[in-house]
Protein chains: 2
Amino acid sequence: METEKKKILLVEDDPNFGIVLKDYLSMNDFDVVLAKNGMEGFEKFKKDNYDVCILDVMMPYKDGFTLAREIREKNENVPIIFLTAKTMKEDVLKGYKAGADDYLNKPFDSEVLLMKLKAILQRKASSTLADSKQFEFEIGNFHLNSKLRFLKYMEEEPVKLSPKENELLRLLALHENDLMPRELALTKIWRDDNYFTSRSMDVYIAKLRKYLKKDDVVEILNIHGEGFRLVVKAENQ
Amino acid sequence: METEKKKILLVEDDPNFGIVLKDYLSMNDFDVVLAKNGMEGFEKFKKDNYDVCILDVMMPYKDGFTLAREIREKNENVPIIFLTAKTMKEDVLKGYKAGADDYLNKPFDSEVLLMKLKAILQRKASSTLADSKQFEFEIGNFHLNSKLRFLKYMEEEPVKLSPKENELLRLLALHENDLMPRELALTKIWRDDNYFTSRSMDVYIAKLRKYLKKDDVVEILNIHGEGFRLVVKAENQ
DNA sequence: CCACCGTTTAACCTAACCTTAACAAAAATG
DNA sequence: CATTTTTGTTAAGGTTAGGTTAAACGGTGG
């Protein structure tokens with residue numbers, strides 16, 4: 001099982017590029033199935049099990065975002081990587097990226113793609129639980145980019161986050177409005193659960209609260225003895 | 001699929017020249033659709049998929065540059081070749097050329113066009129992989145020519161770059177506004193990842209920062225422990 | 001053999017990051 | 001209500017990564 005090739009569903013409408021990329025991945029020991037649009041991609045997805053999906057965003061018949069949503073309905077674990085055009089507006093992508101595990105701007109570096117695949121598959125192997133690497137979030141009026149490690153409030157200058165701040169906020173966001181157990185953060189981020197790491201985590205909660213103070217719709221609540229809860233109050237309506 | 005004729009959208013307002021060129025290309029095994037201005041060109045573009053677009057720049061109703069921009073919105077991949085008047089100013093073209101794959105000054109040699117078409121179609125197969133060398137970049141108000149190893153700011157004299165400076169800046173530009181992992185540069189440029197190569201890279205980052213200081217829209221940010229990010233802030237609007 | 005150029009190594013300094021400590025406040029416990 | 005446990009918060013300390021400049025190195029061509 002460990003020795004089997006990993007299966008990739010590649011959905012790309014440009015036949016030339018599709019074949020080049022497929023060959024490149026095949027050469028690097030992946031088992032690649034190529035579909036040439038979203039429709040076909042979904043058919044192929046239903047017929048087999050894949051370890052990763054790589055989806056072009058701009059495609060006729062069914063674009064990558066729509067396809068991703070459908071794939072998610074069938075399988076909420078499989079990692080999805082988007083291939084996006086560099087020219088696309090940040091704010092167009094913003095909303096969609098929230099559902100992705102990663103993305104690459106075209107043109108991209110084939111080595112970067114390999115690095116990402118390796119990282120994703122390793123991550124998947126090391127944790128039995130679905131722990132997909134989703135890395136962009138809308139938290140009230142904040143936008144968290146967990147890949148580039150910044151937190152942006154409205155149109156202000158983004159604030160840089162440290163690795164621990166970033167991971168912790170990301171974990172909270174993944175559990176938005178729900179309990180994020182202490183133990184979870186400690187084992188995932190600190191990889192150890194003792195008095196000191198626990199206190200360290202509290203320090204980071206305080207730091208995050210300071211960042212989030214700008215928006216009074218967002219709040220980190222403590223659930224005594226259990227963990228924390230990132231609440232986002234309904235804006236209005 | 002590989003054997004099918006390549007489809008060309010030719011947009012040219014001069015009917016005589018348009019028909020001559022169309023016939024010439026048809027004779028050389030291309031499937032050519034001719035439009036006689038930008039408006040018509042865009043309509044035809046939307047109705048079909050093309051492998052290449054050849055656009056005259058000077059046209060009534062909608063010029064070639066405007067059309068190119070619209071085409072790019074629909075499709076970020078399709079190669080575009082401009083036909084320009086020899087008299088046009090270099091600096092007028094500069095900005096637009098960045099979005100184009102090639103251009104030809106009128107009058108031009110029909111064989112040159114054929115060669116370019118062949119080259120472009122061949123290149124396209126691997127063009128979405130960035131490793132297929134991309135050599136020119138617009139970075140804010142800088143222009144990087146990575147093949148000739150120079151960096152030009154506005155109308156100033158170009159600055160020569162050393163091989164390492166050049167490769168590093170190119171790699172950053174390929175990942176513009178995105179993370180360029182330390183590890184990537186070290187393996188790709190230094191071919192080794194240790195303390196000293198890493199420090200060497202930091203020295204080169206400092207050099208690049210010094211070059212880029214002229215334009216305060218451009219900046220190299222560090223993401224602690226991860227890598228660097230070449231950010232180009234939105235000019236204005 | 002020297003001068004030059006690109007690159008590496010060294011050195012020094014600052015910034016970033018994380019932990020630990022200390023004390024205050026809140027919540028649970030009996 | 002007194003006591004214990006948990007959490008909130010700020011600040012000090014230590015460690016590592018990065019910023020920058022300059023000197024050393026090594027290859028190349030005069």
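Below, chains carry the letters A, B, ... as their sequence lines are ordered, and counting in each starts from 1.
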Item to check | Residues A:D202, A:R182; criterion salt bridge (charged side-chain N to carboxylate O under 4.0 Å, His left out); working and verdict | outcome: CA-CA 10 Å; A:D202 289 331; A:R182 271 195 108 78; 2.8 Å; yes
Under 4.0 Å, counting only non-hydrogen atoms across every strand here, what does [X] touch: a base, just sugar-phosphate, or nothing?
{"X": "B:S200", "value": "base"}
{"X": "A:Y195", "value": "nothing"}
{"X": "B:R209", "value": "sugar-phosphate"}
{"X": "A:N222", "value": "sugar-phosphate"}

Checklist entry - Are A:F65 and A:F82 near enough that their ring centres are under 6.0 Å apart? => result yes
Next on the checklist: Ring centres under 6.0 Å, that's the criterion: do A:F135 and A:Y103 meet it?
Outcome noted: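 Yes: the rings meet the under 6.0 Å criterion.
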All N/O contacts under 3.5 Å from nucleotides 10-16 of chain D to the protein, with atom names and distances to one decimal?
unit_1	atom_1	unit_2	atom_2	d
D:dT10	OP2	A:K210	NZ	3.2

Checklist entry - Just how far is it from atom CG of B:L179 to atom CD1 of B:I223, taken to the nearest 0.5 Å? => result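 That separation rounds to 5.0 Å.
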Next on the checklist: Whole angstroms only, please: what is the CZ-C1' distance between A:R199 and D:dT5?
Outcome noted: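 Spelled out: CZ on A:R199 to C1' on D:dT5 is 11 Å.
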Checklist entry - Cation-pi between A:K106 and A:F108: NZ/CZ under 6.0 Å from ring centre and within 45° of the ring axis? => result no
Item to check | Heavy-atom donor-acceptor pair, B:R182 side-chain to D:dG18 base, under 3.5 Å | outcome: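 Answer no: no donor N or O sits under 3.5 Å from an acceptor.
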Throw together a table of side-chain donor-acceptor distances under 3.5 angstrom for residues 20-31 of chain A, partners on residues two or more places apart or in other chains.
unit_1	atom_1	unit_2	atom_2	d
A:Y24	OH	A:S110	OG	3.3
A:S26	OG	A:K22	O	2.7
A:N28	ND2	A:Y24	O	2.9

Checklist entry - Along DNA chain C, 5' to 3', what are the outermost nucleotides having an atom less than 4.0 Å from a heavy atom of chain B? => result C:dG6 to C:dC17
